[in-house]
Amino acid sequence: MPEGFLACYNRWAMVEITPESTETTSNTGVRVRFAPSPTGYLHTGGARTALFNWLLARSRGGSFILRIEDTDEERSTEESTNAILDGLRWLGLEWDEGPEVGGEFGPYFQSERKELHLKFADRLLKDGHAFVCDCPKDEASDERPKFDENCRERPLSEQLKLLAKNPALPLRLKVDPGQEIAFTDMIRGEVRVSTDEIGDIVIVKSTGGPVYNFSCVIDDATMNITHVLRGEDHLSNTPKQLLIYEKLGWKPPQFAHLPLIVGMDRARLSKRHGATSVTAYRELGILPEALVNFLLLIGWAPKDDREEFTRDEMISAFSVDGIGKSSGAFNTEKLFWFNGKHIRSLTDEEYLRHIFEFVPNEWKKAKRDDHIAKVMLLFKDRVTHFAEIEELAWYFFRAPEEFNEDAWQGIIAGSNSAAMVLKEIPAALKALSEFDCEHIEELVRGYAKDKGLKLKDVIQPLRVATTGDRFSPGFFEMAELLGASEIAKRSSATLAKLSADN
RNA sequence: GGCCCCAUCGUCUAGUGGACUAGGACAUCACUCUUUCAAGGUGAAAACGCGGGUUCAAUUCCCGCUGGGGCUACCA
């Protein structure tokens, strides 16, 4: 790493890209980008930003570009980059240009574009729009003067001399005080800020590294980005970036600042709110289609009342003017509902393929796949997310060790027919010539009728005996899969506990 | 603190100066289906933050307040 700003100087001259060449590149349609920092997993807010960019590109026949902003060496990791790439792919948000797919506007890792950034910093310096700053920080406030009267008017030659003496000096943009910066945000309309709030912004750090707002402008411009859709947390960066576009003499892209996703308590999404990463939802057994559908509806609404969208439907329905202004709470309940909907719309084959990823290994060891598959099918309209299957279906693979107190009192102990049922039905089941759902039903219904019992007075004790609680899929289907001897075993265990209690 | 953004049911949202008795969805509740739980069906309850204007009329336009959020770095 060269020491400071000056050391890079000679190399800039060798960089071939000139502003002219970037400006004349053919401007074919919409070009949008998602530019995450690889400092962690892909979180839901980022996923939503990526989705909206992707939708804008797809709905307008444009390009969706992925740029990794990995200039923070401390925090950027390759694992994060991979996690983000995987997350986007899992969500089905394929990028047209970016890491692993390339493109004519690369490189797509910001760290590899440093020379380009510095080249434009140099141009700004030479054009008198930027200056070398050697002001010390104010001891009290730990800040530099907002507008640097001292350094900004020094002749270029003197500035370069200064830099030669001490390369560890930042470069700042010369900003005119008292000016109003106004721009039209596609979502928020007119936004105005005074340059007095901004001051002479640093564009190159004393380490010689370009500052985010500067890199971002250079990259968006040289990548021919036409629309910048990003989180509202960037709204106050926009005027600063606009100033840079202006000094460089470039036409800025259109900006749209998306409302942020917050927790149900309106606070910024964090660990405290539970799962926040795309990976976490994937591990819970959320389908990408469901997550995408859910994310779509935070901050965007269609013209009609439709809520469920396929990819193609969302692409054709999407438009920026459907995006709202206020932040939206991440409502996991609704995500689960969406997921349940999507699960139920899966074919049995698709459903099984997905849920098998979540079947515990003990189950797979204990039972054959086709048997497990039959069990899983009983839960297709009961699961909201696949990871839930273990707590839902465990009793198909293991006898209950204890009973729900209310169920025991209400259905077993408090019933005068339960003991009889638990003795007689298992015996009759064992004697059944054909042990399938239909024959079991016939037997149980016949038995209830003979004894003058309600069907549920026969079934509920059996259900509690086999599952330990009152809820399960239909008893006949369940019995078929459990087998007569297993039911007999669990019934006698229940009877044993009953007599032990008395 | 300063600057900026935002404000419709608990939540995601639709909506418009009068058609609003404010629409849809999740969640909730009830009923239904039913062997339980789900799923499905039907229905109920549930909101325009407050105060001033403008107007014949304001949830809708303007101002203030309050509340929430963001930014305020030589982080991205």
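Because the structure is predicted, anything quoted here is derived from the model rather than measured. Residue numbering restarts at 1 for every chain, and letters A, B, ... go by the order of the sequence lines.
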Applying a 4.0 Å non-hydrogen cut-off, can you work out what [X] is touching in the nucleic acid: base, sugar-phosphate, or nothing?
X	result
A/Glu232	base
A/Arg192	sugar-phosphate
A/Gly328	sugar-phosphate
A/Thr71	sugar-phosphate
A/Phe476	base
A/Gln110	sugar-phosphate
A/Gly340	nothing
A/Glu307	base
A/Arg75	base
A/Arg188	sugar-phosphate
A/Lys341	sugar-phosphate
A/Pro259	nothing
A/Asn237	base

Would you please confirm or rule out a distance under 4.0 Å between OP1 or OP2 of [N] and any side-chain N or O of [X]?
X	N	answer
A/Arg445	B/U35	yes
A/Arg344	B/G40	yes
A/Arg463	B/C37	no
A/Arg306	B/C12	no

In the structure shown, which nucleotide is the Watson-Crick or G-U wobble counterpart of [N], with both distances under 3.5 Å?
N	value
B/C50	B/G64
B/C3	B/G70
B/A39	none
B/G10	B/C26
B/U16	none

Nearest-neighbour nucleotide for the [X] side chain, [options] considered:
X	options	answer
A/Arg382	B/C26, B/U35, B/C37	B/C37
A/Met264	B/U11, B/U8, B/C12	B/U11
A/Arg268	B/C3, B/U36, B/G70	B/G70
A/Val191	B/G2, B/U36, B/C5	B/C5
A/Ser206	B/U36, B/A7, B/C74	B/C74
A/Ala301	B/C4, B/U13, B/C74	B/U13
A/Lys325	B/A7, B/U72, B/A38	B/A7
A/Val211	B/C4, B/C26, B/C74	B/C74
A/Leu297	B/U36, B/C5, B/C12	B/C12
A/Asp233	B/C37, B/G70, B/C5	B/G70

Quote, to the nearest angstrom, the [atom1] distance that separates [N] from [M].
N	M	atom1	value
B/C31	B/G69	P	40 Å
B/A25	B/C33	C1'	23 Å
B/U13	B/A73	P	31 Å
B/C63	B/C71	C1'	25 Å
B/U21	B/A47	P	15 Å
B/C4	B/C9	C1'	29 Å
B/A46	B/U28	C1'	9 Å
B/U8	B/U60	P	12 Å

Please figure out whether A/Leu260 or A/Ser327 has its closest RNA chain B nucleotide nearer the 5' end.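 In this pair, the answer is A/Ser327.
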Specify the residue among A/Asp265 and A/Gly299 whose closest nucleotide of RNA chain B lies further upstream toward the 5′ end.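 Checking each residue's closest nucleotide, the 5'-ward one belongs to A/Gly299.
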Let me know the distance between [atom1] of [X] and [atom2] of [N], rounded to the nearest Å.
X	N	atom1	atom2	value
A/His257	B/G70	NE2	P	15 Å
A/Leu118	B/C74	CG	C1'	13 Å
A/Leu242	B/C4	CG	P	16 Å
A/Leu335	B/A27	CG	C1'	14 Å
A/Arg266	B/G49	CZ	C1'	13 Å
A/Asp305	B/C12	CG	P	17 Å
A/Leu378	B/U35	CG	C1'	14 Å
A/Phe255	B/G70	CZ	C1'	17 Å

Pair [X], [Y]: side-chain N/O donor-acceptor within cut-off below 3.5 Å:
X	Y	value
A/Arg230	A/Thr238	yes
A/Thr467	A/Arg490	no
A/Gln110	A/Asp219	yes

Between [X] and [Y], does the ring centre distance come in under 6.0 Å?
X	Y	result
A/His117	A/Phe214	no
A/His354	A/Phe386	yes
A/Phe294	A/His342	no

Is there a ring-ring contact (aromatic ring centres under 6.0 Å, His included) between A/Phe358 and A/Tyr351? Walk through the geometry before answering. CA-CA 11 Å; A/Phe358 291 84; A/Tyr351 165 73; over 10 Å; no
Answer yes when A/Arg445 and A/Asp450 have at least one side-chain N-carboxylate O distance shorter than 4.0 Å, and no when they do not.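 Salt bridge flag = no for A/Asp450 with A/Arg445.
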Look at the side chain of A/Lys303 and the base of B/A14, then say whether one donor and one acceptor between them are separated by less than 3.5 Å.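 Per atom types, no contact qualifies.
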If we check salt bridge (charged side-chain N to carboxylate O under 4.0 Å, His left out) with A/Asp200, which of these qualifies: A/Lys240, A/Arg152, A/Lys174?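 The residue from A/Lys240, A/Arg152, A/Lys174 that satisfies salt bridge (charged side-chain N to carboxylate O under 4.0 Å, His left out) with A/Asp200 turns out to be A/Arg152.
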Are A/Arg48 and A/Phe52 in a cation-pi setup, meaning NZ or CZ lies under 6.0 angstrom from the ring centre and within 45 degrees of the ring axis? yes
